[in-house]
Number of protein chains: 2
Amino acid sequence: MQPDDSLRTIEAQVAMLLRLSDRTRRAGARARGEIERSAYLVLGVLAQDGPTSVNGIADALRLDPSTVTRQVLAMEQAGQVVRAADASDGRVTLVRPTEEGLAALERTREVRARLYGEVLDGWSAEDRGDLARLLTRLNADVDTWGRAHGDR
Amino acid sequence: MQPDDSLRTIEAQVAMLLRLSDRTRRAGARARGEIERSAYLVLGVLAQDGPTSVNGIADALRLDPSTVTRQVLAMEQAGQVVRAADASDGRVTLVRPTEEGLAALERTREVRARLYGEVLDGWSAEDRGDLARLLTRLNADVDTWGRAHGDR
DNA sequence: GACGTAAAGCTGTACAGTACAGATAAATCA
DNA sequence: TGATTTATCTGTACTGTACAGCTTTACGTC
């Protein structure tokens with residue numbers, strides 16, 4: 001494969017993966033007991049970083065703060081997080097995951113890992129490991145690139 | 001990395017890639033001269049398969065036909081495709097890409113390949129090739145899985 | 001050939017996810 | 001203290017998508 005071919009293939013395959021994953025996410029996600037993608041990502045941030053401000057979540061996910069505001073409001077309604085003013089800065093809304101929220105996150109992770117286990121049934125451990133490694137690196141580089149270029 | 005760890009990492013990284021790519025797609029995509037993601041995918045199908053029915057496009061992209069109907073109507077307005085009744089089956093709307101549409105597709109592919117070239121700047125040819133290969137295989141398996149399971 | 005059934009596509013509608021602009025409240029600085 | 005900045009929330013709009021129902025065309029059976 002020529003260098004340029006790899007780039008084109010990666011680009012095309014990422015676009016198609018987006019399309020297909022979107023499909024899979026919608027189709028019966030709730031029936032499988034999963035939480036929404038948006039809540040899933042927010043809870044992932046909270047599970048990793050602990051209580052976080054709305055802006056902090058927005059930055060971690062590269063989302064507009066107004067979007068996160070609405071997501072955490074919905075998640076509070078669903079009992080997945082609690083919101084409280086920061087004691088040392090009244091402007092800040094600190095978002096904390098509830099036990100229920102963390103349990104829902106873990107449940108979703110397990111369901112999805114099982115799903116991927118089915119999809120990647122015939123894959124060697126080496127290919128799985130390579131894909132995990134390369135995707136992680138790709139995301140890190142996409143994130144770095146986006147921040148350096150102001151997402152232009 | 002344990003087998004289960006790979007699955008969890010892949011799952012989490014795909015979710016994050018979706019998030020980040022969505023961001024990059026919106027931010028300044030038009031400014032870079034790119035066409036919309038939906039048009040890009042439809043034109044990709046037409047470029048590969050030639051004139052295709054609305055249902056055919058929907059199947060290739062795993063979209064609802066009503067969604068494709070609207071996309072091709074918008075693309076016709078934009079001069080990227082032309083629609084015509086199939087001579088042998090009056091129910092079928094055959095969608096053909098215009099020269100302009102194919103040129104826009106190629107332009108977008110080039111812009112995006114260049115973008116990926118920047119993001120993957122420090123990557124070895126081997127890693128790029130591996131990522132291209134593994135993503136292609138992942139998509140094929142996701143697609144197969146989805147069709148086998150009725151996207152449940 | 002007529003009638004019932006199926007297929008293709010279109011229209012109405014609804015919803016998730018998102019951004020941008022502007023409003024509000026709290027903090028900080030000169 | 002007043003001006004400016006920061007964090008969040010509210011109003012609004014748009015893309016992408018699905019599902020249900022409608023219309024038109026085709027097909028199969030008699």
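First the proteins, then the strands, lettered A, B, ... as listed; each starts at 1. What you see below is based on every heavy atom in this structure, not just the backbone, and it leaves out hydrogens, waters and symmetry mates. Note that the structure is a prediction, hence the values are computed from the model and not measured.
With D/dT17, C/dA16, D/dT10 as the candidates, the nucleotide lying closest to the side chain of B/Q71 is D/dT17. Comparing C/dG17, C/dA26, D/dG16 by their closest approach to the side chain of A/D89 singles out C/dA26. For A/V54, counting side-chain heavy atoms from C-beta on, the closest listed nucleotide (D/dT8, D/dA18, D/dG16) is D/dT8.
In this structure, CD1 of A/I57 is placed 13 Å from C1' of D/dA7, rounded to the nearest angstrom. The CG-P distance, from B/L41 to D/dT15, rounds to 16 Å in whole Å. Between A/R62 atom CZ and C/dA19 atom P the separation is 10 Å, expressed in whole Å. In this entry the distance linking CG of A/L63 with C1' of D/dC9 reads 16 Å, nearest Å. When the P atom of D/dC27 is taken as reference, atom CG of B/D86 falls 11 Å away, rounded to whole Å. Distance, A/D64 CG to D/dG11 P: 16 Å, rounded to whole Å. Rounded to an integer number of Å, the gap from A/L94 CG to C/dA26 P is 16 Å. Whole-Å rounding puts the A/L73 CG to D/dC9 C1' distance at 8 Å.
The existence of a salt bridge linking A/R91 and A/D86 is excluded, since no basic side-chain nitrogen approaches an acidic carboxylate oxygen closer than 4.0 Å. No salt bridge links A/R109 with B/E11; every basic N to acidic carboxylate O contact stays at or beyond 4.0 Å.
For the OP1/OP2 pair of C/dT18 and a distance below 4.0 Å, the side-chain nitrogens and oxygens of A/R37 include at least one atom meeting the criterion. Not one side-chain nitrogen or oxygen of A/S53 sits closer than 4.0 Å to the OP1 or OP2 atom of D/dA7. Neither OP1 nor OP2 of D/dT8 sits under 4.0 Å from any side-chain N or O of A/T69. Here B/T93 reaches the OP1 or OP2 of C/dC10: one of its side-chain N or O atoms lies under 4.0 Å away. Under 4.0 angstrom from either OP1 or OP2 of D/dA7 there lies no side-chain N or O belonging to A/R83.
Between the side chain of B/R19 and the base of C/dG17 there is no donor-acceptor pair of N/O atoms closer than 3.5 Å.
By the criterion of side-chain heavy atoms lying less than 4.5 angstrom apart, applied directly or through intervening Ile, Leu, Val, Met, Phe, Trp or Tyr residues, B/V82 is not grouped with B/L102; the two fall into different hydrophobic clusters.
B/A104 and B/I35 make their closest contact through CB-CG2, 3.7 Å (heavy atoms, listed as atom of the first residue, atom of the second, distance).
A donor-acceptor pair under 3.5 Å is absent between the side-chain atoms of B/T93 and the main chain of B/V54, judged by distance alone.
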Taking N or O atoms only and anything under 3.5 Å, show me the protein contacts with nucleotides 4-7 of chain C, one pair per line.
{"from": "C/dA7", "atom 1": "O4'", "to": "B/R91", "atom 2": "NH1", "distance (Å)": "3.2"}

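Among the heavy atoms of the strands lying under 4.0 Å from A/S66 is at least one base atom, whether or not backbone atoms are also near. Looking at heavy-atom distances under 4.0 Å, B/T67 makes contact with a base.
When the nearest nucleotides of DNA chain C are assigned to B/R70 and B/V92 by heavy-atom distance, the more 5′-ward of the two goes with B/V92.
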Check your understanding: Between A/D5 and A/R8, does a salt bridge (charged side-chain N to carboxylate O under 4.0 Å, His left out) hold up when you go through it step by step?
Key -> CA-CA 5 Å; A/D5 287 348; A/R8 283 176 167 259; 5.9 Å; no
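There is a side-chain donor-acceptor pair under 3.5 Å between A/S66 and A/D64.
Remark: B/R128 is not positioned above the aromatic ring of B/Y116, lacking an NZ or CZ atom under 6.0 angstrom from the ring centre and at most 45 degrees off the axis.
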